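Right, one structure below, let's go through it.
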Amino acid sequence: MLMFALFVTIQARPLLAAEVTGLYESDVTVSSRDDQRELQQAFGTAMRAVLLKLTGRDDTNSNPVIARALSSPQSYVEAWAYNSVSPDDPFAQPGEAAQIKLHVTFFQAGVQQLLNEAGVAVWPPNRPDTLLWVAVQDELGERYQATALPEQGGDLVAAVEAAAAARGVPVLHPLQDFADLRALPLEQLWNLDVNALRIASSRYQSESILALRVFRSLSGDVIGKAVYVFRDRVLEFEALESPLQPFIEGSVDLVAESLASYYAILLSGAGNGSEEDVRLKVEGVGSASDYAGLLGYLNGLAVVSGVQVLGAQGATLELQLDTGGQSRQLVESIALDRRLTSLGDVTRNGAQVQLYYRWSPQP
């Protein structure tokens with residue numbers, strides 16, 4: 001089981017987040033509606049795509065348990081359907097004919113059990129938004145921000161969005177208003193100035209920031225550099241004379257792997273008899289509706305496998321949560337939502353972890 005140290009002074013701040021849907025679904029392009037061999041191959045392709053979204057890692061398939069399951073993916077398929085669609089891939093060629101797409105839905109419980117047996121951590125669907133900044137220099141030497149000039153940089157932004165969607169990464173675009181331009185001038189963005197990126201991104205309450213610098217050559221290849229900032233971490237990725245797609249995918253991988261490693265939970269870790277005793281004291285529970293809402297919210301967190309009410313005093317409720325020793329992930333999961341507001345630092349006394357919050361139900 002993975003264990004994480006929880007220090008007295010740690011307190012996760014509320015962040016912008018999104019509930020990612022369709023994690024157990026995928027679309028695969030096929031050439032025929034009648035080829036059973038191709039259908040089975042497409043099931044494997046779709047399952048790999050689902051595993052990528054669920055784990056944020058492209059090396060999940062190398063796990064021996066996962067690799068065996070991928071040899072017979074049809075046993076995890078709940079439903080599938082064929083559709084004819086016009087190509088919308090940002091890398092599709094102009095005038096490309098309509099394609100046949102196979103839409104595959106997998107059994108959530110079966111896939112979760114597989115990942116549990118493989119000991120692979122799952123990234124819950126509530127995920128922080130990643131703020132995207134893109135600076136481009138074209139063949140003539142003109143520089144611009146891609147999100148500010150969609151007629152010039154729209155294909156590049158669409159490519160990032162497609163790669164992010166394939167990994168279950170929610171993307172947020174800056175407003176590109178006067179405040180943004182003043183906080184992050186084009187020259188600082190082109191230089192990938194980390195301090196300037198942090199300052200400009202603070203208005204969006206974003207601690208997950210991806211900045212790209214792209215030079216487009218006459219050959220159609222790019223010279224690119226990506227900088228990913230998450231809290232105190234700074235990661236980089238570069239490509240020299242590379243097609244656009246590998247550079248974009250490598251850049252987004254920085255985001256997916258970093259966030260998944262931070263927020264993912266071991267399903268086998270929940271309810272495994274860990275000696276960690278998590279106590280949650282919540283103010284603002286003044287009605288039966290508040291009580292039901294709070295319990296429903298806590299039971300809906302992927303990291304929580306059990307909730308026990310220890311007592312109540314006025315509008316304050318004290319609970320004991322079973323997180324399987326993953327209390328850090330609990331604190332971070334709560335920070336991605338606005339319904340619980342922290343009233344103090346997390347404290348630990350031996351095996352007991354104490355959390356203090358106020359309940360603010362959504363309207």
Side-chain angles (χ1 to χ4, degrees), residues 16 86-96 128-167 169-230 233-258:
L16 291 178
S86 298
D88 56 2
D89 191 311
F91 303 105
Q93 297 300 314
E96 188 173 337
D129 289 315
T130 294
L131 187 63
L132 176 66
W133 302 91
V134 183
V136 182
Q137 180 172 314
D138 62 21
E139 303 90 338
L140 301 177
E142 180 186 356
R143 292 179 182 175
Y144 57 90
Q145 291 198 33
T147 53
L149 295 174
E151 67 278 3
Q152 292 177 271
D155 62 327
L156 198 156
V157 173
V160 176
E161 290 176 336
R167 291 153 179 79
V169 175
V171 173
L172 178 67
H173 297 295
L175 297 174
Q176 296 292 353
D177 56 10
F178 178 74
D180 281 345
L181 297 176
R182 182 177 59 183
L184 187 62
L186 180 57
E187 190 64 25
Q188 285 186 310
L189 174 56
W190 181 259
N191 291 331
L192 299 176
D193 186 319
V194 172
N195 288 332
L197 284 167
R198 284 194 169 114
I199 293 171
S201 302
S202 61
R203 69 183 294 211
Y204 299 98
Q205 296 180 286
S206 178
E207 291 185 321
S208 177
I209 307 161
L210 177 63
L212 306 180
R213 180 178 69 204
V214 181
F215 169 73
R216 289 180 149 171
S217 66
L218 292 172
S219 67
D221 288 340
V222 300
I223 299 174
K225 182 175 181 179
V227 167
Y228 177 60
V229 181
F230 179 63
R233 299 184 64 188
V234 179
L235 302 176
E236 298 182 352
F237 175 75
E238 294 187 78
L240 298 176
E241 294 296 330
S242 165
L244 178 62
Q245 185 172 2
F247 168 67
I248 295 297
E249 291 181 349
S251 302
V252 177
D253 280 339
L254 293 180
V255 181
E257 293 179 7
S258 296

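None of the values given here were measured: they were computed from a predicted structure.
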Should Val255 and Phe230 count as side-chain neighbours, where that means a heavy-atom distance under 4.5 Å?
-> no
Other residues, nucleotides, ligands: >12 heavy atoms within 6.0 Å of Arg233 CZ = no
Mind checking whether Glu257 and Leu235 have side chains closer than 4.5 Å, heavy atoms only?
-> no
Mind checking whether Leu156 and Ile248 have side chains closer than 4.5 Å, heavy atoms only?
-> yes
Supply the atom-to-atom distance Ser201 OG to Leu184 CG, rounded to the nearest 0.5 angstrom.
-> 7.5 Å
What are the two closest heavy atoms between Tyr228 and Thr130, and how far apart are they?
-> CE1-CG2, 4.4 Å
Closest non-hydrogen atoms of Pro170 and Asp129, given as atom of the first, atom of the second and distance, are CB-OD1, 3.3 Å
Pairwise side-chain contact, Glu241 with Ile223, heavy-atom cut-off 4.5 Å (strictly under) = yes
Are Arg216 and Leu244 side-chain neighbours, meaning at least one heavy-atom pair lies under 4.5 Å?
-> yes
To the nearest 0.5 Å, atom CG of Asp138 lies from atom OG of Ser217 at 11.5 Å
Taking Asn191 for its side chain and Asp193 for its backbone only, find out whether a donor-acceptor pair lies under 3.5 Å.
-> no
Under a 4.5 Å cut-off applied to non-hydrogen side-chain atoms, are Glu249 and Arg167 in contact?
-> yes
Between Phe237 and Phe247, how do the two ring planes meet: parallel, tilted or perpendicular, split at 30° and 60°?
-> parallel
Leu175 backbone acceptor or donor facing Tyr204 side chain under 3.5 Å | yes
For Gln152 and Tyr144, work out which heavy atoms get closest and say how close.
-> O-OH, 3.4 Å
How long is the span from the CG atom in Leu189 to the CG atom in Leu197, to the nearest 0.5 Å?
-> 6.5 Å
CD of Gln145 to NE2 of His173, rounded to nearest 0.5 Å, is 12.5 Å
Look up atom CG in Leu192 and atom CG in Leu212, then write down how far apart they are to the nearest 0.5 Å.
-> 8.0 Å
Going by heavy atoms in the side chains, are Asp221 and Ser242 under 4.5 Å from each other?
-> no
Smallest heavy-atom separation, Ser206 atom then Leu131 atom, equals OG-CB, 3.6 Å
To the nearest 0.5 angstrom, please state how far the CZ atom of Arg203 sits from the CG atom of Asp180.
-> 4.5 Å
Residue pair Arg213 / Gln137, side-chain heavy-atom distance below 4.5 Å = no
Note: Gln176 and Thr147 closest approach over all heavy atoms is NE2-OG1, 2.6 Å
